[in-house]
Protein chains: 2
Amino acid sequence: MATGRTHRPATRSRGIPEATVARLPLYLRALTALSERSVPTVSSEELAAAAGVNSAKLRKDFSYLGSYGTRGVGYDVEYLVYQISRELGLTQDWPVVIVGIGNLGAALANYGGFASRGFRVAALIDADPAMAGKPVAGIPVQHTDELESIIRDNGVSIGVIATPAGAAQQVCDRLVAAGVTSILNFAPTVLSVPDGVDVRKVDLSIELQILAFHEQRKAGEEAAAEVTAQAAAVPATTREESATDQGPDGDVPAVMPA
Amino acid sequence: MATGRTHRPATRSRGIPEATVARLPLYLRALTALSERSVPTVSSEELAAAAGVNSAKLRKDFSYLGSYGTRGVGYDVEYLVYQISRELGLTQDWPVVIVGIGNLGAALANYGGFASRGFRVAALIDADPAMAGKPVAGIPVQHTDELESIIRDNGVSIGVIATPAGAAQQVCDRLVAAGVTSILNFAPTVLSVPDGVDVRKVDLSIELQILAFHEQRKAGEEAAAEVTAQAAAVPATTREESATDQGPDGDVPAVMPA
DNA sequence: ATGTCTTTGTGAACGCGTGCACAAAGATGG
DNA sequence: CCATCTTTGTGCACGCGTTCACAAAGACAT
């Protein structure tokens with residue numbers, strides 16, 4: 001998982017659990033694909049397989065939205081697409097600003113999935129004066145000085161931060177002060193925001209580290225069988241070495257801040 | 001949250017809960033920052049604040065790794081950096097391939113956080129023959145034909161998929177067949193993999209949709225107070241309209257597949 | 001109209017994750 | 001050496017999320 005909600009830890013809004021909300025976009029995507037293939041109805045079993053989840057979980061998720069299925073038949077694809085879209089708030093237009101037009105910011109500006117679900121890139125903002133006016137994904141980059149006016153003029157409530165870590169908190173503060181209440185943060189920093197502001201985090205480095213952990217464990221388990229007998233002989237000095245006083249400084253690997 | 005583990009749903013590997021593993025990189029980053037400022041020790045309270053988590057949670061997380069703290073003092077920063085790095089498997093070198101060198105793939109190749117924690121970009125792979133040989137982030141792009149040999153020659157076990165959704169499953173299958181056992185997927189698709197292969201997903205579109213949901217709810221709550229009296233008069237026809245037979249087709253918003 | 005068969009919707013049990021609150025441990029000062 | 005004070009490590013309870021398993025609902029054929 002590349003994220004973690006920062007605020008509103010267990011806010012089950014109007015009865016819809018957070019975990020369910022996180023899966024609704026998944027269902028929506030699968031349903032949209034079915035809709036394009038003109039499939040009229042789908043069973044919970046089929047849809048669950050397409051979305052990669054348990055069918056019981058899917059049914060319980062849908063039960064929070066209401067009784068939209070027909071027993072013995074399944075769910076009407078078009079109707080469900082509409083209901084989920086409405087529940088997620090995708091029936092309205094969401095202007096979004098992207099701050100920090102480096103490699104990642106440019107990639108986000110070009111990302112089709114943004115524009116395709118009601119999200120409209122209202123502006124691209126960068127601190128580098130040399131970037132100003134340069135078009136990225138057909139949209140001219142604007143300077144940070146205009147951040148506040150852009151937010152207000154376009155009624156932007158969602159901001160995307162793709163700046164270096166050092167600039168993220170400052171940008172965040174300005175976004176919030178200008179009226180943004182939801183932030184998607186790609187910078188590897190913990191953002192502090194006032195109550196009422198939602199922050200979601202996408203951290204590429206963290207994802208890889210989690211994969212590395214499991215990868216290491218897999219490698220360890222493979223080797224475990226042959227070392228089991230040997231491990232019994234060794235008095236556990238190898239793994240837990242020198243946990244007594246001070247950590248070895250020379251052994252510390254070259255770990256740099258992401 | 002930008003991800004969701006696909007396989008190994010609740011695998012508490014060697015006793016370390018999945019939720020804890022997901023937070024270790026967060027602690028590591030905060031600790032590395034302290035280390036650079038030559039801070040010798042840190043209390044759970046301070047570190048928790050820096051990582052944006054509860055201090056009790058942090059202490060419990062560390063207790064899974066062992067008793068590395070000193071009561072009345074706190075944790076030795078350098079030692080903890082080393083222990084967490086080792087636990088996460090960052091003391092070894094992880095060669096990584098990135099498949100799909102579009103905007104996003106290029107951004108990933110240039111992303112500093114990859115190389116800085118033991119992850120080495122072993123190769124960039126793209127299906128477009130025109131890209132072959134072109135250097136991105138100082139690394140020449142190679143053609144998809146060479147995928148298998150690259151994986152085997154470099155002993156790659158972690159693959160990053162940044163291709164369009166349509167190509168993702170096929171790329172995934174080839175990666176897995178060639179020996180990759182951990183995949184970080186940026187394509188908006190559900191990947192199916194055999195047992196033993198870990199998939200983590202980063203989905204930019206989903207993150208925005210979750211934010212939109214909360215944003216909509218916030219807006220709805222603001223307006224709720226003034227509409228409460230009015231809502232009582234309206235016989236609930238507005239919200240749940242025509243939930244009887246068929247969903248309105250004309251009303252369905254223009255939702256495209258991400 | 002009635003029976004059968006499919007599929008939904010949900011009650012209930014279970015397990016994981018979180019946070020409180022406190023006892024144990026050890027540093028520090030006298 | 002003893003008292004005090006700080007901070008860790010953890011037992012415990014609670015709540016959310018997941019899954020099972022089944023009764024209710026409705027389609028469909030006869």
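Lettering of chains follows the sequences in order, A, B, ..., and the numbering in each one begins at 1. Just so it is clear, the model here is predicted, and its values are computed rather than measured.
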Are any of [X]'s side-chain N or O atoms less than 4.0 Å away from OP1 or OP2 of [N]?
X     : N      : value
A:N54 : D:dG17 : no
B:R23 : C:dT18 : yes
B:K60 : D:dT10 : no
B:T70 : C:dG26 : no
B:S44 : D:dT8  : yes

### Message
Can you tell me which nucleotide in C:dT18, D:dG17, C:dA21 comes closest to the side chain of A:A19?
### Response
D:dG17
### Message
By nearest atom, which of the nucleotides D:dT10, C:dG9, C:dT8 is closest to the B:S63 side chain?
### Response
D:dT10
d([atom1], [X]; [atom2], [N]) in whole Å:
X     : N      : atom1 : atom2 : value
B:E45 : C:dC20 : CD    : P     : 11 Å
B:L58 : C:dC20 : CG    : P     : 14 Å
B:D76 : C:dA27 : CG    : P     : 13 Å
A:R59 : D:dA23 : CZ    : P     : 15 Å
B:F62 : C:dG19 : CZ    : C1'   : 17 Å
A:Y64 : C:dT8  : OH    : C1'   : 15 Å
A:L24 : D:dG17 : CG    : P     : 13 Å
B:E18 : C:dC16 : CD    : P     : 12 Å

### Message
In the structure I gave you, are the side-chain heavy atoms of B:R86 and B:Q92 within less than 4.5 Å of one another anywhere?
### Response
no
### Query
Do the side chains of A:P188 and B:Y111 get nearer than 4.5 Å, heavy atoms only?
yes
### Task
Tell me whether the centres of the aromatic rings in B:F62 and B:Y68 are closer together than 6.0 Å.
no
### Task
Using both pair distances under 3.5 Å as the test, note the stems of at least 3 consecutive Watson-Crick or G-U pairs that include DNA chain C.
C:1-30 with D:1-30
### Task
Would you confirm whether B:K57, through its side chain, and B:A48, through its main-chain N or O, come within 3.5 Å as a donor-acceptor pair?
no
### Query
Hey, which of these two, A:K57 or B:G66, hits DNA chain D nearer its 5' end, going by closest nucleotide?
B:G66
### Query
Where each residue is assigned the nucleotide of DNA chain D containing its nearest heavy atom, which of B:Y75 and A:R71 is assigned the position nearer the 5′ end?
B:Y75
### Query
NZ of B:K60 to OG of B:S55: how many Å apart, nearest 0.5 Å?
12.0 Å
### Query
In this structure, which one of A:I158, A:V160, A:V96 forms a side-chain contact (heavy atoms from CB on, under 4.5 Å) with A:L184?
A:V160
### Query
Yes or no on side chain to side chain contact (heavy atoms under 4.5 Å, CB included) for A:Y27 and A:R23, after CA distance, side-chain angles and deciding distance?
CA-CA 7 Å; A:Y27 303 143; A:R23 280 189 295 268; 3.5 Å; yes
